[in-house]
Amino acid sequence: MSLNRRDLVLGTLGAGLLAAAPVRAADVWPAKPIRIVVPYPPGGSSDIIARAISLPLSEALKQSVIVENRAGANGNLGAELVSRAPGDGYTLLLCDVGALAISPSVYKKLSFDPSKDLRGVTMLAYSPHLLVVHPSVQANNLKELIALSKKSDLNFAVTATGSAPHLAGVALERASGARWQYVPYKGGVQAIQDTVGGQTQVLMNGMLATLPHVQSGKLKVLGVSKPSRMPLIGDVPTIAEQGVPGFDSGTWQGILAPRGTPDAVIQRLNKELVAIIRSADIRSRMAGQGAEVVTMTPSEQEQFFNKERARWAKVVDAAQIKLD
């Protein structure tokens, strides 16, 4: 069978078009800077970790990695921004995954669904909550704090209404019989500052952001919300040891991406991030500040998210905490 000139030209053009066809975005990713959105003010646990991993991640991917703080609505503004971003791997969310799991229970109208609009990449670190008080508070353990709370007015600084530290305080109050008034803030840094200044007397917050103020003597630690003691502060008893069996709460930092992000991009991010956070330098820095490196596969992280969502929904329902 012979081909005429027209068939040959069309065939050549077709082959050229196939050769010039664009490759999938995942095959050339990353081709531009990557943005890590932290949905809280600077200086908190998520912000500290985001800035610790941004340079190593930039070096691993050979692209700029920019940390952007988008605070508001207990992290929901930044989380929504990422959930609405294109699923191309260039916009990521680094946040307290536990707090994100709480939002669907606390907010009557949440403009996005974390379970449907975001997908896990990896967990990075866990920082237990520290129960701390202003040094002037006449209590040196949980028992003394409970007794004091029943005869004196104590203000409990809340990093944000409906946040994990807030619900941890509610859970502790209900389990121990303590009494305090909650004072809401727009982030952990401001809550810490006011407790250091004595405007509020009691605080529960992630160890990563709170421990430096304990070490400087500006705050007094009464307990740690972990089943076992932390080696870094081994002389500090757990809350469970002090009469609240099984009490466990903390801040879980992780990376999430918009739901449509390609599997290849998610797997590459997981690989690089796990290597970075497990590196001797980063692991040592985290341990020195009271955070444990915890990594997960994307599916493990999503399973964890769903368990946290169910767990805290019970606390929210019992305390009848609802926000518009």
**Fill in**
All heavy atoms of S163 vs all of A160, minimum pair found to be OG-O, 2.7 Å
**Prompt:** Any sub-3.5 Å donor-acceptor pair from E272's side-chain atoms to L269's backbone N or O?
**Reply:** no
**Message:** What verdict does the side chain to side chain contact (heavy atoms under 4.5 Å, CB included) test give for L93 and I255, after you've listed the backbone C-alpha separation in whole Å, the side-chain angles of each residue and the deciding distance to 0.1 Å?
**Reply:** CA-CA 6 Å; L93 178 69; I255 292 271; over 6 Å; no
**Prompt:** Are a donor atom and an acceptor atom from the side chains of S105 and R309 found within less than 3.5 Å of each other?
**Reply:** no
**Item:** Joint hydrophobic cluster, L100 plus I321, side-chain heavy atoms closer than 4.5 Å
**Value:** yes
**Request:** Taking the side chain as every heavy atom from C-beta outward, state whether P42 and V38 have any atom pair closer than 4.5 Å.
**Result:** no
**Request:** Give a yes or no on whether a salt bridge exists between D113 and R259, defined as a side-chain N under 4.0 angstrom from a carboxylate O.
**Result:** no
**Message:** I'd like to know if R84 and D117 make a salt bridge, using a cut-off of under 4.0 Å between side-chain N and carboxylate O.
**Reply:** yes
**Request:** Enter the distance from S83:OG to R119:CZ here, rounded to the nearest 0.5 Å.
**Result:** 15.0 Å
**Asked** Hey, quick one: are I53 and M296 part of the same hydrophobic cluster, counting side-chain heavy atoms closer than 4.5 Å, chains of contacts allowed?
**Response** no
**Message:** Assigning hydrophobic clusters by single linkage (Ile, Leu, Val, Met, Phe, Trp, Tyr; side-chain heavy-atom cutoff under 4.5 Å), is V121 placed with V37?
**Reply:** no
**Request:** Measure from the side-chain N and O atoms of Q138 to the backbone N and O of S136, and report whether any donor-acceptor pair falls under 3.5 Å.
**Result:** yes
**Complete:** In this structure, CD1 of I276 is separated from OG1 of T122 (nearest 0.5 Å) by 11.0 Å
**Distance (rounded to the nearest 0.5 Å) between R179 CZ and L154 CG** = 11.5 Å
**Prompt:** How about D317 and K314: do any of their side-chain heavy atoms sit closer than 4.5 Å?
**Reply:** no
**Request:** Assess the side chains of S103 and N76: does a donor N or O sit below 3.5 Å from an acceptor N or O?
**Result:** yes
**Prompt:** Just by distance, do the side chain of T261 and the backbone of A257 share a donor-acceptor pair under 3.5 Å?
**Reply:** no
**Asked** Does the pair L61 and R268 meet the rule for a side chain to side chain contact (heavy atoms under 4.5 Å, CB included), with working shown?
**Response** CA-CA 9 Å; L61 299 177; R268 173 78 188 282; 3.6 Å; yes
**Asked** Between Y107 and L110, what is the shortest heavy-atom contact and its length?
**Response** CB-CD1, 4.1 Å
**Within 6.0 Å of NZ in K220, more than 12 heavy atoms from elsewhere** = yes
**Prompt:** Looking only at atom types and distance, does a side-chain atom of S176 sit under 3.5 Å from a main-chain N or O of A178, one as donor and one as acceptor?
**Reply:** yes
**Request:** May I ask you to check whether S249 and H129 show a side-chain donor-acceptor distance below 3.5 Å?
**Result:** yes
**Prompt:** When you measure from the side chain of E302 to the backbone N and O of G120, does any donor-acceptor pair fall under 3.5 Å?
**Reply:** yes
**Prompt:** Would one find more than 12 heavy atoms of other residues, nucleotides or ligands at under 6.0 Å from atom CZ of R311?
**Reply:** yes
**Prompt:** Does the side chain of Q253 come within less than 4.5 Å of S45's, by heavy atoms?
**Reply:** yes
**Request:** Look at the side-chain heavy atoms of Ile, Leu, Val, Met, Phe, Trp and Tyr, link any pair under 4.5 Å apart, and say whether V158 and L131 land in one connected group.
**Result:** yes
**Message:** Would you say that W29 contacts I34 through its side chain, given a criterion of any heavy-atom pair below 4.5 Å between the two side chains?
**Reply:** yes
**Item:** Check: R35 and Y90 side chains under 4.5 Å, non-hydrogen atoms
**Value:** no
**Asked** Just by distance, do the side chain of R229 and the backbone of G234 share a donor-acceptor pair under 3.5 Å?
**Response** yes
**Prompt:** Ignoring hydrogens and geometry, is there a side-chain-to-backbone donor-acceptor pair from Y182 to G169 under 3.5 Å?
**Reply:** yes
**Asked** For D96 and G98, which heavy atoms make the closest approach, and how far apart are they?
**Response** OD1-N, 2.9 Å
**Request:** Provide the closest heavy-atom pair for P86 versus P258 in the form atom of the first, atom of the second, distance.
**Result:** O-CG, 3.7 Å
**Request:** Identify whether I48 and V189 are in the same connected component of the hydrophobic contact network (ILVMFWY, side-chain heavy atoms under 4.5 Å).
**Result:** no
**Message:** Counting C-beta onward and ignoring hydrogens, is there a side-chain heavy-atom pair between V133 and L145 closer than 4.5 Å?
**Reply:** yes
**Message:** Quick test of your reading: applying side chain to side chain donor-acceptor pair (under 3.5 Å), list the pairs with at least one residue in residues 53-63, sequence neighbours left out, ordered by first then second residue.
**Reply:** none
**Request:** Measure the NZ-CG distance between K143 and L148 for me, rounded to the nearest 0.5 Å.
**Result:** 14.5 Å
**Message:** Quick one, L124 and L94 - any side-chain contact, counting heavy atoms below 4.5 Å?
**Reply:** yes
**Complete:** Minimal heavy-atom distance between G246 and A240, with the atoms involved, is N-CB, 3.9 Å
**Asked** With no hydrogens and no angle check, is any side-chain donor or acceptor of S216 less than 3.5 Å from a backbone partner on H213?
**Response** yes
**Message:** Evaluate L222 against N141 for side chain to side chain contact (heavy atoms under 4.5 Å, CB included), listing each step before the verdict.
**Reply:** CA-CA 5 Å; L222 303 187; N141 54 52; 5.7 Å; no
**Prompt:** Any side-chain donor paired with an acceptor under 3.5 Å for D47 and Y40?
**Reply:** no
**Message:** Using modelled atom types and a 3.5 Å cut-off, is there a donor and acceptor pairing between side-chain atoms of Q201 and backbone atoms of H134?
**Reply:** no
**Asked** Would a distance-only check, ignoring hydrogens and angles, find a side-chain to backbone donor-acceptor pair under 3.5 Å from Q242 to L142?
**Response** yes
**Message:** I'd like to know if the side chain of N205 pairs up with that of T210 as donor and acceptor (distance under 3.5 Å, no hydrogens or angles considered).
**Reply:** yes
**Message:** With rounding to the nearest 0.5 angstrom, report the CD to CZ distance, Q289 to R285.
**Reply:** 7.5 Å
**Request:** State the NE2-CD1 distance between H166 and I102, to the nearest 0.5 angstrom.
**Result:** 10.0 Å
**Item:** Partner of V82 by side chain to side chain contact (heavy atoms under 4.5 Å, CB included), out of L118, L92, I36
**Value:** L118
**Asked** Cluster partners of V196, using ILVMFWY side-chain heavy atoms under 4.5 angstrom, listed by chain and number?
**Response** L130, V132, I192, L203, M207, L211, V214, L219, V221, V224, M230, L232, I233, V236
**Asked** Can we say R70 and E80 salt-bridge, meaning some charged N sits less than 4.0 Å from an Asp/Glu carboxylate O?
**Response** no
**Asked** Going through the distances and angles, do E292 and M286 end up as a side chain to side chain contact (heavy atoms under 4.5 Å, CB included)?
**Response** CA-CA 6 Å; E292 300 176 357; M286 293 292 102; over 6 Å; no
**Item:** Side-chain heavy-atom pair L256, C95 within 4.5 angstrom cut-off
**Value:** yes
**Complete:** Smallest heavy-atom separation, W252 atom then M123 atom, equals CB-SD, 4.1 Å
**Message:** Less than 3.5 Å apart, any donor N or O on the side chain of S228 or K226 sitting next to an acceptor on the other?
**Reply:** yes
**T195, N155, D194 screened by side chain to side chain donor-acceptor pair (under 3.5 Å) with T200, the one that passes** = T195
**Request:** Using a cut-off of 6.0 Å, state whether more than 12 heavy atoms not belonging to K322 lie near its atom NZ.
**Result:** yes
